[in-house]
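Please read the structure below before turning to the comments.
Atoms within each ligand, like the ligands themselves, are counted from 1 in listed order.
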Amino acid sequence: MRRALPWSIARATGANAPAAFVVSLAAAVLALVVQEALLPLIGASVTFLLLVPSVLLGAALGGLWPGLAVTAFGAIAGAVLGWRAPGLGGIVETGLFALLGVGISLVGERLFRADAAAREINEKILQREAHLQSILDTVPDAMVVIDAKGLIQSFSATAARLFQRQPADMVGRNVSCLMPPPYRDAHDGYIERYLKTGEKRIIGQGRVVVGERNDGSTFPMELSVGEVRVRQSHYFTGFVRDLTERQATQARLQELQSELVHISRLTAMGELASALAHELNQPLSAIANYLRGAERLLEAPTPDVERLRDPVARATAQALRAGDVIRRLREFVATGENERHVESLSKVIEESLALALVGIKGSDVRVQTVRGYPADLVFADKVQIQQVLLNLIRNAIEAMAGALRRELTISTQAGEQGEAVVRVADTGPGIGPALGERLFEPFMTTKKSGMGVGLSICRTIIDAHGGKIWIEETPGGGATFAFTIPPGAADEP
Ligand code: ADP
């Protein structure tokens with residue numbers, strides 16, 4: 001009480017205090033009038049009873065002091081009005097009323113303080129919430145908070161702009177609606193697995209993934225996820241950065257990079273061509289010489305077959321040598337720094353897709369991935385397979401530039417021998433039968449600025465992995481490039 005007293009006095013002199021005094025004393029006066037009026041009916045048996053509500057009112061409105069004031073007023077009024085014949089009974093009754101009044105006032109004080117404290121806390125919470133909201137509304141990254149079931153708890157203004165959705169519609173919905181299939185269907189499983197095993201795959205580390213806007217178009221985004229535990233509940237906060245917003249610079253960077261690659265490829269090709277010419281010149285001229293000698297022997301009226309054997313054998317040896325040179329060069333290109341490991345195919349695809357979508361002008365291509373390879377693990381050089389996928393995806397997007405329907409589907413499937421079959425299907429103009437397999441030959445291009453080496457490099461890489469690459473027709477029109485990769489060791493998802 002010693003600590004409460006100054007606080008109570010301070011408050012009793014506050015803005016609400018006079019009102020509490022006035023209202024409760026007025027109620028007490030009213031109670032006295034009623035009591036007086038009813039006295040002939042009820043007698044003095046309920047003395048002070050009608051005053052109790054006024055004490056309660058005073059304590060509830062103003063705490064200790066208004067309560068005590070009404071108690072004192074009631075006790076004095078009761079005594080003055082002489083409801084009971086003066087004597088011990090009257091004194092005891094007045095004393096009991098006074099005690100009751102003090103008790104009610106003390107309890108009222110406590111309740112009043114608790115109420116004020118709650119209001120203060122509420123005020124602080126509201127202030128903090130407003131502060132937090134202002135941060136969320138202005139932070140450049142989009143923010144989405146979800147619970148352990150994947151249901152959205154909060155959706156920031158930037159997230160609303162980014163995904164073209166209304167925050168009010170999003171709260172309570174599953175976050176998976178912000179991602180394209182198959183991640184959409186797998187997302188609940190990711191959370192469940194994390195809650196069960198505690199194994200962090202994305203929490204605490206940023207990753208480039210694909211997001212889906214309300215209109216179904218997809219875009220590359222950088223996602224980092226934080227985790228909050230409130231008692232038994234789990235919440236996850238996802239910060240999303242749109243990578244297409246950096247498109248202009250990225251695109252320029254990509255252009256510069258591809259120019260660089262173009263030049264370095266040209267240089268490499270030039271070097272390769274001159275090395276090839278140099279290496280092949282010798283065996284070819286040797287072959288020509290041997291065959292010319294053989295020809296001369298054949299000009300004789302009765303050619304000596306035995307003497308022919310030697311130049312033909314030598315020409316054969318030189319031809320094999322030339323073949324060796326070519327093989328060696330191809331091996332050099334293909335296996336240069338081939339580092340093969342067990343890799344997650346879906347992750348390789350996801351990353352390649354995100355990389356391929358960065359810097360693509362007008363990202364109005366609908367991208368779909370269909371995961372049909374149950375083992376998921378492959379034995380591959382990740383960087384090289386990504387190069388293949390990047391090349392195929394870029395080709396597909398370029399091919400669909402003028403098409404009405406622009407749909408890119410990357411699907412996986414298990415092959416007959418357990419290998420993974422990856423298909424990159426587009427809805428572009430497709431590839432006529434005249435071109436077909438020839439596209440895999442070096443320098444075969446239909447583009448003005450094309451080099452025509454992309455697909456040939458793809459084939460070399462896939463060959464080096466012991467796989468195959470071929471072209472199919474997309475059902476409904478378009479081209480599908482398919483290739484195989486050997487399976488990884490472990491057979492677990
Ligand atoms: P580049 O892209 O430099 O021309 P590539 O070897 O990657 O070299 O492609 C060779 C050719 O194959 C292209 O010029 C194009 O005509 C054709 N092509 C590749 N992918 C597709 C596709 N998805 N749809 C139609 N044509 C394609």
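- A side-chain donor-acceptor contact under 3.5 Å links Arg213 and Ser217.
- In this structure, Gly430 is part of the shell of residues with a heavy atom less than 4.0 angstrom from ligand 1.
- If you number the atoms of ligand 1 from 1 as listed, the ones under 4.0 Å from a heavy atom of Leu439 come out as 11 (C), 12 (O), 17 (C).
- At a threshold of 4.5 Å between non-hydrogen side-chain atoms, the residues Gln153 and Val171 do not count as touching.
- Every residue two or more places apart in sequence or in another chain that forms a side-chain contact (heavy atoms from CB on, under 4.5 Å) with Leu308 is listed here: Ala294, Leu297, Leu298.
- The closest approach between any non-hydrogen atom of Phe440 and ligand 1 is not below 4.0 Å.
- Every residue meeting the side-chain contact (heavy atoms from CB on, under 4.5 Å) condition with Thr237, not counting sequence neighbours, appears here in chain and number order: Met143, Val145, Val228, Phe239.
- Side-chain contact, Ser344 with Ser346: a donor N or O sits under 3.5 Å from an acceptor N or O.
- Ligand 1 has an N or O atom lying under 3.5 Å from an N or O atom of Gly454, backbone or side chain.
- Using a 4.0 angstrom heavy-atom cutoff, Ala396 counts as in contact with ligand 1.
- Distances from atom 22 (C) of ligand 1 to the heavy atoms of Leu455, Thr474, Asp426 show the closest one on Asp426.
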